[in-house]
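Bear in mind that the values here come from a model prediction, so they are computed numbers and not experimental data. Counting convention: from 1, in listed order, for ligands and their atoms alike. Along the sequence shown, residues carry numbers from 1.
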Amino acid sequence: DLRNGLRPLGTTPDEFQRDLLSNLYYRRGTTVESASAQDAYETLALTVRDRLAERRARTAAAHYESNPRWVYYLSAEYLLGPQLEQNLLYSGTTELAPAALKTLGFSPEEVAALDVEPGLGNGGLGRLAACLLDSLATLDIPAVGYGIRYDLGIFKQEFDNGEQVERPDDWAFQGDPWEFPAPDDWQMVGFYGFLGPEGWVPGEVVHGEPSHLLIPGYGTETVNIVRLWRARAARASFDLRRFSAGQYAEAVEEAVRAENISKVLYPDDSTDMGRELRLKQQYFLVSCSLRDIVRRFRFRNADWDDFPAKTVIQLNDTHPTLAIPELMRLLVDEEKLEWEHAWSLVRRTFAYTCHTLLPEALETWPVDMLGRLLPRHLEIIYLINEALLAEVRSRFPGDLDRVRRMSLIQEEPQRRVRMANLAVTGTFAVNGVAELHSQLLTSTTFADFAALWPDRFTNVTNGVSPRRFVRLANPGLSTLITSGLGSDAWLRDLSLLSGLAPLADDPAFREQWRTERRHAKEALGLGDPGAMLDVMIKRFHEYKRQQLKLLHVITLYHRLRDNPERFGVPRTVLFGGKAAPAYYAAKSIIRLINAVAAAIEADPKAYGLLRVVFPPNYNVTLAEKIIPAADLSEQISMAGKEASGTGNMKLALNGALTIGTLDGANVEIRDRVGAGNFFLFGLDTPAAAALRASDYRPRTYYDSDDELRAALDAILSGAFGGVGQEVAHSLLDRDEYLTLADYRSYVDKQDEVAAAWEDQEHWTRMSILNTANSGFFSADRTVADYLSRIWHASPVRLS
Ligand SMILES: CCc1ccc([C@H](C)CC(=O)N[C@@H]2O[C@H](CO)[C@@H](O)[C@H](O)[C@H]2O)cc1
């Protein structure tokens with residue numbers, strides 16, 4: 001191993017420079033004279049990667065040595081973000097890169113622009129997975145993330161005449177210097193077929209080929225991995241006979257069919273579309289990953305009874321829930337364990353995190369589709385259901401409704417398998433992602449299961465990586481925080497931020513704070529740095545209520561035109577986010593926002609007072625630029641709908657003030673930063689639910705509120721490029737998420753925001769206190785909670 005003759009890679013500028021050049025020659029196969037920016041980027045990446053790979057080798061050796069309890073994170077999505085800056089920071093080579101690149105004739109900015117992020121996720125769920133992996137490594141926990149290596153990630157968003165258009169995201173067409181292909185660890189996955197006397201006989205077999213990316217810990221030696229599976233046709237599937245007969249398409253048909261499984265990420269983040277290919281993707285992920293997990297277990301263990309002691313598998317929402325019947329199949333059909341024995345192992349191995357409250361986001365699969373694709377798994381699900389319903393009947397005799405509600409099989413209108421019920425039944429722990437969310441799960445979505453298994457339910461409030469979303473995204477403010485606290489220990493213990501609170505009373509520190517924030521706004525270059533930057537960045541969904549923010553913008557515009565004294569302070573409103581391609585209502589809101597933005601931009605009266613900007617293709621890279629510059633964070637979802645939110649945490653940590661409802665983690669943010677440092681408005685969850693359940697008439701709000709009526713009438717009249725009437729109609733007729741009911745409270749609260757902004761000393765004080773009191777929202781704390789409440793794994797420190 002490393003100590004035997006392998007010289008550790010150097011950390012001096014010369015050694016780094018030398019390694020960069022040798023990588024340019026020997027691994028990139030080019031010279032300084034003819035090196036392109038892409039050559040420079042890839043060479044730098046390899047040079048940095050080597051230093052992490054060295055730590056990876058030592059980590060793997062230590063993990064093998066200690067045969068620890070492993071945390072396996074199964075997720076259909078990972079939003080890892082751009083890798084270069086992070087790996088430079090985590091390998092301690094940030095300072096070495098600029099000089100070395102200079103010898104190749106390129107600047108760090110030129111090269112960083114080529115650092116394309118792997119967009120292997122939609123939004124919150126995918127980014128949370130990435131933040132948790134970062135914290136698992138930083139806390140030296142033996143862990144592996146498993147996912148799918150989609151060829152095409154989340155679509156690129158462009159605007160055509162204000163309309164969202166989707167372009168394929170071929171993120172790795174240049175190859176990815178950060179990944180390690182490991183085709184030799186391939187796995188076989190079966191689909192379709194029939195149940196013969198000897199068990200399941202698959203009708204189609206594909207290969208899963210893994211590659212992994214390094215997940216370095218910050219301020220520690222540990223380097224874990226995320227293993228991503230890519231579908232390939234089983235060996236030699238190319239049909240030479242057909243090819244030589246000129247049937248070229250047929251010759252590669254099987255290969256294309258196989259590769260399609262990991263071809264593209266499904267861009268929906270809240271509605272179950274029930275596509276068969278998505279089900280194939282989910283089974284492909286869990287089958288490859290479980291075989292790999294069993295292979296790793298077998299390295300050091302022989303007794304199946306040790307499996308739950310050595311292994312905890314976290315299901316990131318319902319998407320990998322097929323792992324439960326798949327492990328049952330492996331243990332019963334292949335390892336020949338007794339059913340009950342296998343079931344006791346399975347239930348002690350899996351845990352499930354639910355990330356939503358929207359009924360339409362809870363996945364259900366048609367029994368006939370699942371039965372055709374995975375006949376043995378349907379059989380196993382039926383057997384699991386039998387045992388479940390027997391337990392329900394014995395605990396709640398005669399309660400047929402409860403049996404019907406809890407069954408893994410929905411009978412009406414179509415027979416479908418309820419993946420959330422299966423996830424709860426086959427796991428030892430179920431958690432929501434914020435206090436309010438977890439409460440609502442046990443009082444609504446999973447109330448029946450909470451009555452049956454109360455101890456199974458817990459909460460783990462989300463968190464975010466302080467390294468990526470403060471240190472890397474906001475280096476200026478980070479330096480000021482470190483100087484204010486006297487050390488950068490806060491990067492590994494974010495609770496230390498509380499030491500900033502006294503500095504909120506220090507005018508000099510406040511001045512520096514404002515200066516750093518101004519620099520971030522200038523760097524963003526979207527709107528006048530002196531204006532308040534009011535930011536709403538998240539996926540588009542009617543429950544998140546981008547439409548409410550838009551009604552406020554139109555109201556401000558009307559005030560600006562009709563009674564400027566009520567307008568308030570110069571403001572730039574920034575929207576960022578994608579809508580699922582098939583989500584028509586969300587795309588209408590995007591189009592209307594762009595139309596309103598254009599109308600205001602074209603109105604000289606608005607110049608310097610009000611501006612709406614909507615940079616396309618919001619992703620992790622853009623988030624890192626926008627978040628440090630934001631003054632006001634819009635967290636305005638209908639109470640009871642946003643499971644947690646994580647953008648809210650990133651913005652508060654960077655000193656933005658939040659205007660928000662008592663929803664998701666907003667509740668905990670407000671509790672920690674103090675009610676005086678948070679702009680609360682709107683109906684809370686019980687009030688919203690009551691109004692929703694009553695005969696809510698949105699039109700009454702239209703009739704009784706002049707400003708609201710004026711705003712909706714403007715849209716209806718086609719004042720904004722003649723678009724958006726359908727948005728206004730749906731608000732007046734249905735308004736499922738109580739936008740009109742919360743309008744007045746919101747607009748009035750925004751007036752308070754404007755008044756607060758007038759007093760910059762007061763605003764800066766609140767800004768510093770938001771950062772100081774948001775240490776709780778570190779993903780390190782989140783992982784520590786998962787460890788103490790669910791995972792119970794221990795760190796393996798490298799000597
Ligand atoms: C079936 C289609 C589908 C795909 C993805 C999802 C995700 C669960 C949606 C998601 O990203 N949820 C978000 O998860 C974040 C991390 O926990 C939370 O902070 C957000 O509140 C939640 O909306 C639901 C349904």
(message) Would you say that F428 contacts I790 through its side chain, given a criterion of any heavy-atom pair below 4.5 Å between the two side chains?
(response) yes
Any idea which protein heavy atom is nearest [atom], and the distance to it?
atom                    : result
atom 2 (C) of ligand 1  : T271 O, 3.6 Å
atom 24 (C) of ligand 1 : D269 O, 3.5 Å
atom 11 (O) of ligand 1 : L125 N, 3.1 Å
atom 5 (C) of ligand 1  : H319 CE1, 3.5 Å
atom 21 (O) of ligand 1 : E642 OE2, 2.6 Å

(request) Identify which one of Y584, Y583, F614 satisfies the ring-ring contact (aromatic ring centres under 6.0 Å, His included) criterion when paired with F540. (result) F614
(message) Which residue in the set R492, R467, R468 passes salt bridge (Lys or Arg N to Asp or Glu O under 4.0 Å) when paired with D134?
(response) R467
(request) Can you label the angle between the F446 ring and the Y352 ring as parallel, tilted or perpendicular, going by 30° and 60°? (result) perpendicular
(request) Evaluate the ring planes of Y543 and H541, with Trp represented by its six-membered ring, and classify them as parallel (under 30°), tilted (30 to 60°) or perpendicular (over 60°). (result) tilted
(message) Between Y746 and L551, does the side-chain contact (heavy atoms from CB on, under 4.5 Å) criterion hold? Intermediate values first, please.
(response) CA-CA 10 Å; Y746 177 58; L551 287 176; over 6 Å; no
Salt-bridge test for [X] and [Y]: reply yes if a basic N is under 4.0 Å from a carboxylate O, no otherwise.
X    : Y    : value
D268 : R278 : no
E166 : K587 : yes
R372 : D368 : no

Any nitrogen or oxygen of [X], main chain or side chain, under 3.5 Å from a nitrogen or oxygen of ligand 1?
X    : result
H355 : yes
R278 : no
E363 : no
D317 : no

Per-atom contacts, ligand 1 versus [X] - under 4.0 Å to a heavy atom:
X    : value
A643 : 21 (O)
N462 : 16 (C), 17 (O), 18 (C), 19 (O)
Y543 : 23 (O)
V433 : 17 (O)

(request) Run the contact test for D268 against ligand 1 with a 4.0 Å cut-off on heavy atoms, strictly below, and give the result. (result) yes
(message) When you measure from the heavy atoms of R539 to every atom of ligand 1, does any distance fall below 4.0 Å?
(response) no
(request) With atom 19 (O) of ligand 1 as the reference point, say which of G124, G645, C131 has the nearest heavy atom. (result) G645
(request) Please determine if K549 forms a cation-pi arrangement with F575, meaning its NZ or CZ atom is less than 6.0 Å from the six-membered ring centre and no more than 45° off the ring axis. (result) no
